[in-house]
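Keep in mind that what you see is a predicted model, and the values were worked out from it rather than measured. Quick note: numbers below take in every heavy atom, side chains included, and nothing from hydrogens, waters or symmetry partners.
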Amino acid sequence: MTKYPNFFILGAAKSGTTALHFLLGQLPQVHLSTPLVPYFFLDEYERGPDYHWQTYYADGWRGQPLVGEAQTAHLFLPYVPQRIYQSVPDARLIAILRDPTERAFSHWWMQRCNGREPLSFEESLRENHARITAGMTVEGPGAEDLWRSHLAPRPNNRGVRPCSLPVYLEPGYYAVQLERYLQYFSRSQLCVLLFDEFSRAPVETTRRLFEFLGLDPTEVKKPPARENVALTSFSQPLYTLSNRLQLQRVLPRKFLAVARTTLSKIGHRPTMSDEARAWLRGHYEPHNKRLEDLLECDLDEWNH
């Protein structure tokens with residue numbers, strides 16, 4: 001009998017998905033994919049379900065009832081919902097959403113830290129918006145080919161590996177992304193968490209997640225550990241160097257997480273200009289209103 005994961009953390013990127021993954025991965029009832037980020041539904045789908053299970057789950061599975069994965073591109077890419085539905089129609093889906101303005105800036109800074117974004121934030125936004133205006137998005141029939149090109153960007157003549165698909169704006173169009181899933185899945189199969197609530201009230205938010213997955217909410221004793229904290233201008237070069245040396249392959253994850261958290265407290269993080277913030281607020285306002293209507297909640301703070 002072919003096995004499949006039965007829950008998916010969909011994203012959004014830079015909104016706490018790694019923290020959720022790490023939190024659930026500590027539970028004896030849960031088995032998560034190895035490696036951390038699977039690509040089956042993105043560009044390996046034609047290899048079939050046996051490949052999916054053997055590649056990402058067979059190693060380490062001991063009969064845990066909850067089997068899942070976290071991949072932020074699942075929320076963003078339009079062809080993924082149908083693939084997940086065709087494979088696991090009774091899947092439970094988890095989305096955690098962040099103010100899209102703040103999310104875009106955090107995403108840009110992560111790419112800068114990784115050495116993949118040579119442009120300033122304002123320049124990146126202009127380039128991204130121009131590409132959208134020209135129709136160069138993953139919304140079309142060539143979405144998968146465009147995504148494949150994004151996974152293997154080529155260095156330019158300065159040695160920098162730029163983003164071949166600079167997607168800072170589109171990942172914040174949450175309403176249309178969730179609507180794609182609701183074309184296939186019932187609303188009861190979707191749990192939507194908000195990053196701000198997760199930050200302000202982590203225990204209460206985690207209990208909601210546990211209830212959704214059928215876990216005992218009384219087991220939540222303390223806030224989940226922070227993951228992927230933002231770096232500062234001081235720590236960014238050290239992080240870039242550690243990536244080039246691939247220290248994550250030889251040092252324990254816990255050690256690297258502690259080191260990253262410590263470095264994040266030294267120096268200052270970059271700040272968004274008032275002009276960029278005002279433009280993004282206006283750009284996202286209709287998308288946020290559509291999301292409010294979909295979720296029947298108040299997201300007014302995202303517009304101010």
Side-chain angles (χ1 to χ4, degrees), residues 1-45 47-77 80-81 83-85 87-97 151 181 185 189-193 195 198 202-203 205-217 219-229 248-249 251-258 260-261:
M1 178 179 175
T2 300
K3 300 180 180 68
Y4 265 115
N6 49 38
F7 76 89
F8 298 85
I9 303 173
L10 305 174
K14 305 306 297 176
S15 301
T17 55
T18 305
L20 292 184
H21 186 282
F22 183 75
L23 167 70
L24 293 173
Q26 308 308 300
L27 303 176
Q29 310 96 313
V30 176
H31 177 59
L32 297 172
S33 65
T34 304
L36 172 67
V37 181
Y39 287 90
F40 176 75
F41 291 104
L42 305 187
D43 58 8
E44 299 171 339
Y45 190 65
R47 299 190 181 190
D50 289 336
Y51 170 87
H52 187 199
W53 182 264
Q54 292 299 323
T55 302
Y56 295 107
Y57 295 102
D59 184 21
W61 185 67
R62 301 293 181 266
Q64 297 95 322
L66 287 173
V67 180
E69 60 187 56
Q71 167 57 272
T72 59
H74 283 172
L75 185 62
F76 171 59
L77 293 173
V80 171
R83 290 181 174 183
I84 293 180
Y85 178 74
S87 302
V88 199
D90 58 348
R92 280 175 276 195
L93 310 170
I94 302 159
I96 181 166
L97 309 178
L151 294 178
Y181 277 93
F185 298 91
Q189 290 175 262
L190 174 64
C191 175
V192 179
L193 307 175
F195 176 83
F198 192 43
V203 172
T205 305
T206 302
R207 284 176 179 157
R208 277 186 55 208
L209 175 63
F210 274 38
E211 289 175 353
F212 175 72
L213 291 174
L215 297 165
D216 183 357
E219 291 184 6
V220 181
K221 305 297 184 184
K222 60 182 179 179
R226 291 187 67 196
E227 296 279 326
N228 281 351
V229 292
Q248 70 274 15
R249 294 189 176 184
L251 295 176
R253 171 180 173 155
K254 198 170 197 179
F255 173 84
L256 291 173
V258 170
R260 185 184 176 102
T261 300

How far apart are the closest heavy atoms of [X] and [Y], and which atoms are they?
| X | Y | value |
| --- | --- | --- |
| Gln189 | Pro89 | NE2-O, 3.0 Å |
| Ser15 | Ala12 | CB-O, 3.2 Å |
| Leu23 | Leu27 | O-CG, 4.0 Å |
| Tyr56 | Pro38 | CE2-CA, 3.5 Å |
| Glu69 | Pro5 | OE1-CG, 3.9 Å |

Report all side-chain donor-acceptor pairs from residues 61-68 shorter than 3.5 Å, counting only partners two or more places apart or in another chain.
unit_1 : atom_1 : unit_2 : atom_2 : d
Trp61  : NE1    : Gln64  : O      : 3.2
Gln64  : OE1    : Arg62  : N      : 2.6

Exercise. If you count the non-hydrogen atoms of other residues, nucleotides and ligands that lie under 6.0 Å from OH in Tyr85, is the total more than 12?
Worked result: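 Open.
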
For this session: Decide if atom CG of Asp59 counts as having more than 12 heavy atoms of other residues, nucleotides or ligands within a radius under 6.0 Å.
Result: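 Counting neighbours around CG of Asp59, 12 or fewer heavy atoms of other residues, nucleotides or ligands fall under 6.0 Å, so no.
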
pair [X]-[Y]: side-chain heavy atoms closer than 4.5 Å:
| X | Y | value |
| --- | --- | --- |
| Gln71 | Phe8 | no |
| Leu24 | Leu209 | yes |
| Leu75 | Leu97 | yes |

Problem set entry | Working for side-chain contact (heavy atoms from CB on, under 4.5 Å), residues Tyr51 and Glu44 | CA-CA 9 Å; Tyr51 170 87; Glu44 299 171 339; 3.4 Å; yes

So, taking the atom named [atom1] in [X] and the one named [atom2] in [Y], what distance separates them when rounded to the nearest 0.5 Å?
| X | Y | atom1 | atom2 | answer |
| --- | --- | --- | --- | --- |
| Phe198 | Arg208 | CZ | CZ | 11.5 Å |
| Phe195 | Thr205 | CZ | OG1 | 11.5 Å |
| Asp50 | Lys3 | CG | NZ | 9.5 Å |
| Ile9 | Ile96 | CD1 | CD1 | 9.0 Å |
| His74 | Phe40 | NE2 | CZ | 9.5 Å |
| Thr72 | His21 | OG1 | NE2 | 12.0 Å |

Problem set entry | Audit row: Val30, Leu213, side-chain contact (heavy atoms from CB on, under 4.5 Å) steps and yes/no | CA-CA 10 Å; Val30 176; Leu213 291 174; 6.0 Å; no

Exercise. What's the verdict on side-chain contact (heavy atoms from CB on, under 4.5 Å) for Asp90 and Asn6, showing C-alpha distance, side-chain angles and the deciding distance?
Worked result: CA-CA 7 Å; Asp90 58 348; Asn6 49 38; 5.9 Å; no

For this session: Decide if the gap between the ring center of Phe7 and the ring center of Phe212 is smaller than 6.0 angstrom.
Result: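 No - the distance between ring centres of Phe7 and Phe212 does not fall below the 6.0 Å cut-off.
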
Exercise. Under the side-chain contact (heavy atoms from CB on, under 4.5 Å) criterion, do Tyr45 and Ser87 qualify, and how do the steps go?
Worked result: CA-CA 10 Å; Tyr45 190 65; Ser87 302; 3.5 Å; yes

Exercise. Within the distance-only criterion (no hydrogens, no angle test), does the side chain of His31 pair as donor or acceptor with the backbone N or O of Tyr57 below 3.5 angstrom?
Worked result: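 Side chain of His31 to backbone of Tyr57: a pair is present.
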
